[in-house]
Amino acid sequence: MRRIFSDYAYGSGPRTNCWWDETIAAPDWPVLQGEVSADVAVIGGGFTGISAALHLAESGVSVVVLEAETPGWGASGRNGGFCCLGGSKLSGGTMRRVFGKSAADTYHASEEAAVHLVRGLLQTHGIDADIHSHGETQLAHNEKAVRRLQAEADALRQAGEEPEFLTRDQLAEKGLNGSFHAALTTPVGFALNPRKYLFGLSKAAQDAGARVYQRSAAQSLQQAGRGYVIETIQGVVRASKVVLATNGYSAEDLPGWLAGRYMPAQSTIMVTRPLTRAELDAQGWFSHQMAYDTRNLLHYFRLMPDNRFLFGMRGGLLASPRAEAGIRRKLRQDFEAMFPAWHDVETTHCWSGMVCLSRNLVPFIGPVPEHPGMLAGLCYHGNGVAMGSYAGRLLSDLVQGAAPKLPYAPMVQKMARFPFGRARRMLMPPAYAVLGLMD
């Protein structure tokens with residue numbers, strides 16, 4: 001298995017002290033031993049893979065899921081828990097210019113449908129995932145961003161939607177007090193405990209007949225006749241079709257087509273102890289809205305139901321114990337700068353993981369070229385709760401040869417290679433430097 005970060009990035013170090021691990025115990029999936037067969041083999045046990053498995057099993061398809069580590073080990077078990085619009089890093093205008101109005105409108109519809117899909121799955125399967133927040137709130141970090149948010153609010157109203165725009169003077173009234181200049185709340189989305197959601201989804205998939213295995217990393221993936229053979233450390237899967245759902249933890253050689261086409265990027269999160277009423281009042285922040293600022297290298301944060309505060313950011317570039325310690329210090333510094341009244345509030349948990357980018361800044365959900373019967377879903381640009389779940393739903397239709405029943409824009413499914421092959425990470429430092437200057 002060839003990956004582009006050091007082994008440290010894919011080991012236990014970055015996710016040590018993840019808060020979500022303490023909120024619910026992991027299910028004890030078996031390890032694959034011996035040979036099994038299935039109609040579809042899914043590689044990856046996160047939101048995409050488990051969603052695909054659930055919907056396939058509900059359709060009567062025989063499906064096996066191979067998780068390389070333990071349940072919830074990857075991004076799906078350690079993300080910020082924002083179920084919201086997103087998936088692409090392109091603006092609506094850019095997407096219309098690149099792909100055309102029809103494709104852009106369809107993609108936009110898919111983002112909203114993705115949020116509704118997750119809410120429906122939670123309700124249908126009785127999953128208690130500690131949901132809160134009515135939509136999501138963007139907070140302007142400078143005056144230029146205020147104008148952009150105002151224009152976005154006007155465009156949403158013209159489209160028949162009902163966003164809420166808050167001026168600087170109104171922020172404190174809403175419990176969003178800080179060094180922000182304005183805010184825009186979009187009434188689509190909610191926050192949740194991602195680990196509880198994932199494990200509820202996996203139980204539903206197993207109840208429907210899906211077979212899920214942990215510590216069963218795909219070591220090789222070979223075409224054999226009209227199907228595929230996947231070898232793990234202790235077993236073999238023979239399947240007619242394959243779904244790749246490995247996102248930021250993908251490998252260059254599973255399959256070789258993936259080489260150079262995805263870019264893992266680090267995201268780091270901290271959680272404080274529960275804040276007291278006096279501490280909340282001191283900062284003037286008592287909203288449970290999930291929020292993020294308008295920086296390119298954004299910060300994302302929310303007050304959780306137990307009054308712990310979750311705070312995350314993009315920006316890590318290297319993977320080593322020293323680099324991990326450095327980005328955690330930077331995260332804490334940014335937290336104290338943005339919420340100075342909480343300077344003495346302890347960080348109880350801090351961890352990091354990989355999001356995944358594509359060169360065209362749009363998720364890839366569809367058939368893998370020149371690999372009949374193989375499909376993939378990845379590159380959600382840090383918005384995998386909703387879009388990863390949605391990708392799994394779409395892939396369950398596509399792998400069965402059916403037209404997706406939900407909005408799907410195949411014309412945006414392009415996945416060109418980044419320059420420099422396995423050395424493509426060298427693109428990130430100058431890109432981050434430029435984005436930092438823009439911020």
Side-chain angles (χ1 to χ4, degrees), residues 1-15 41-46 48-49 52 65-69 73-76 215-224 228-233 236-237 239 241-267 316-320 323 352-382 384 388 391 395 413-432:
M1 187 181 297
R2 293 186 290 110
R3 287 165 160 169
I4 69 170
F5 273 87
S6 68
D7 290 343
Y8 178 82
Y10 307 103
S12 60
R15 81 176 317 281
V42 177
I43 301 177
T48 301
V65 178
L66 300 176
E67 167 55 46
E69 299 290 343
W73 184 90
S76 297
R215 300 192 184 280
S216 301
Q219 301 291 302
S220 68
L221 172 60
Q222 302 294 330
Q223 194 165 357
Y228 292 88
V229 175
I230 305 169
E231 294 185 359
T232 69
I233 297 175
V236 174
V237 178
K241 297 181 179 180
V242 171
V243 169
L244 302 172
T246 46
N247 203 39
Y249 293 86
S250 297
E252 299 287 277
D253 53 350
L254 285 172
W257 171 81
L258 267 179
R261 298 182 190 273
Y262 64 99
M263 180 76 81
Q266 292 160 275
S267 194
L317 291 168
L318 301 175
S320 69
S352 68
M354 298 288 193
V355 299
C356 193
L357 320 177
S358 68
R359 186 174 180 181
N360 72 343
L361 301 179
V362 177
F364 181 86
I365 307 167
V368 174
E370 300 179 8
H371 290 71
M374 183 183 293
L375 297 95
L378 69 164
C379 298
Y380 310 122
H381 302 91
L395 291 167
Q413 308 304 325
K414 304 177 187 297
M415 206 170 180
R417 285 191 171 94
F418 286 91
F420 308 123
R422 290 188 68 187
R424 61 191 179 276
R425 283 174 54 209
M426 70 173 61
L427 296 168
M428 299 299 282
Y432 275 22

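Quick caveat: nothing in here was measured; it's all calculated off a predicted structure. Along the sequence shown, the residues carry numbers beginning at 1.
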Could you state the interatomic distance from CG (L258) to CZ (R417), rounded to the nearest 0.5 Å?
9.5 Å

Compare every heavy atom of L395 with every heavy atom of G366, then report the nearest pair and how far apart it is.
N-CD2, 4.0 Å

Taking side chain as C-beta onward, heavy atoms only, is L244 less than 4.5 Å from P255?
yes

What's the shortest heavy-atom distance between A224 and V229, and which atoms?
CB-CG2, 3.7 Å

Please name all residues satisfying side-chain hydrogen bond (donor to acceptor under 3.5 Å, both in side chains) with Q413, sequence neighbours left out, ordered by chain then number.
none

Can you sort out the partners of Y262 under ring pair (Phe, Tyr, Trp, His ring centres under 6.0 Å), two or more places apart, ordered by chain and number?
none

From OG (S250) to CE (M354), nearest 0.5 Å
11.0 Å

Are R261 and F364 in a cation-pi contact, defined as NZ or CZ under 6.0 Å from the six-membered ring centre and within 45° of the axis?
no

Donor-acceptor pair, R15 side chain versus S12 backbone, under 3.5 Å?
no

Ignoring hydrogens and angles, write down the donor-acceptor pairs under 3.5 Å from the side chains of residues 373-381, residues two or more places apart or on other chains.
unit_1 : atom_1 : unit_2 : atom_2 : d
Y380   : OH     : T48    : OG1    : 2.7
Y380   : OH     : G377   : O      : 3.1
Y380   : OH     : L378   : N      : 3.4
H381   : ND1    : G87    : O      : 2.6
H381   : ND1    : C379   : O      : 3.2
H381   : NE2    : S358   : N      : 3.1

Among residues at least two apart in sequence or on other chains, which ones pass side-chain contact (heavy atoms from CB on, under 4.5 Å) with A218?
I43, I230, L254

Would you say that M263 contacts M428 through its side chain, given a criterion of any heavy-atom pair below 4.5 Å between the two side chains?
yes

Do R3 and Y249 touch side chain to side chain, with heavy atoms closer than 4.5 Å?
yes

I'd like to check P372 versus Q223 (side-chain heavy atoms, cut-off strictly below 4.5 Å). Are they in contact?
yes

Evaluate the side-chain contact (heavy atoms from CB on, under 4.5 Å) criterion for residues L221 and H371: first the C-alpha distance (whole Å), next the side-chain angles of each, then the deciding distance (0.1 Å), finally the verdict.
CA-CA 11 Å; L221 172 60; H371 290 71; over 6 Å; no

All heavy atoms of F5 vs all of A319, minimum pair found to be CD2-CB, 3.7 Å

If you measure from OG1 on T232 to CD on E67, what distance do you get to the nearest 0.5 Å?
12.5 Å

Least distance between heavy atoms, V65 atom then G44 atom
CG1-O, 3.7 Å

Would K414 and V362 count as a side-chain contact (heavy atoms from CB on, under 4.5 Å) here? Give the steps.
CA-CA 8 Å; K414 304 177 187 297; V362 177; over 6 Å; no

Identify, with sequence neighbours excluded, every residue that meets side-chain hydrogen bond (donor to acceptor under 3.5 Å, both in side chains) alongside R359.
none

Which pair of heavy atoms, one from Y10 and one from I4, lies closest together, and at what distance?
OH-N, 3.7 Å

Would you say that M415 contacts W257 through its side chain, given a criterion of any heavy-atom pair below 4.5 Å between the two side chains?
yes

How would you list, by chain and number, every residue that makes a side-chain hydrogen bond (donor to acceptor under 3.5 Å, both in side chains) with S216, sequence neighbours excluded?
none

Work out which heavy atom in A9 is nearest to a heavy atom in P14; give both atom names and the distance.
O-CG, 4.0 Å

Hey, is the main chain of G260 close enough, under 3.5 Å, to the side chain of E252 for a donor-acceptor pair?
yes

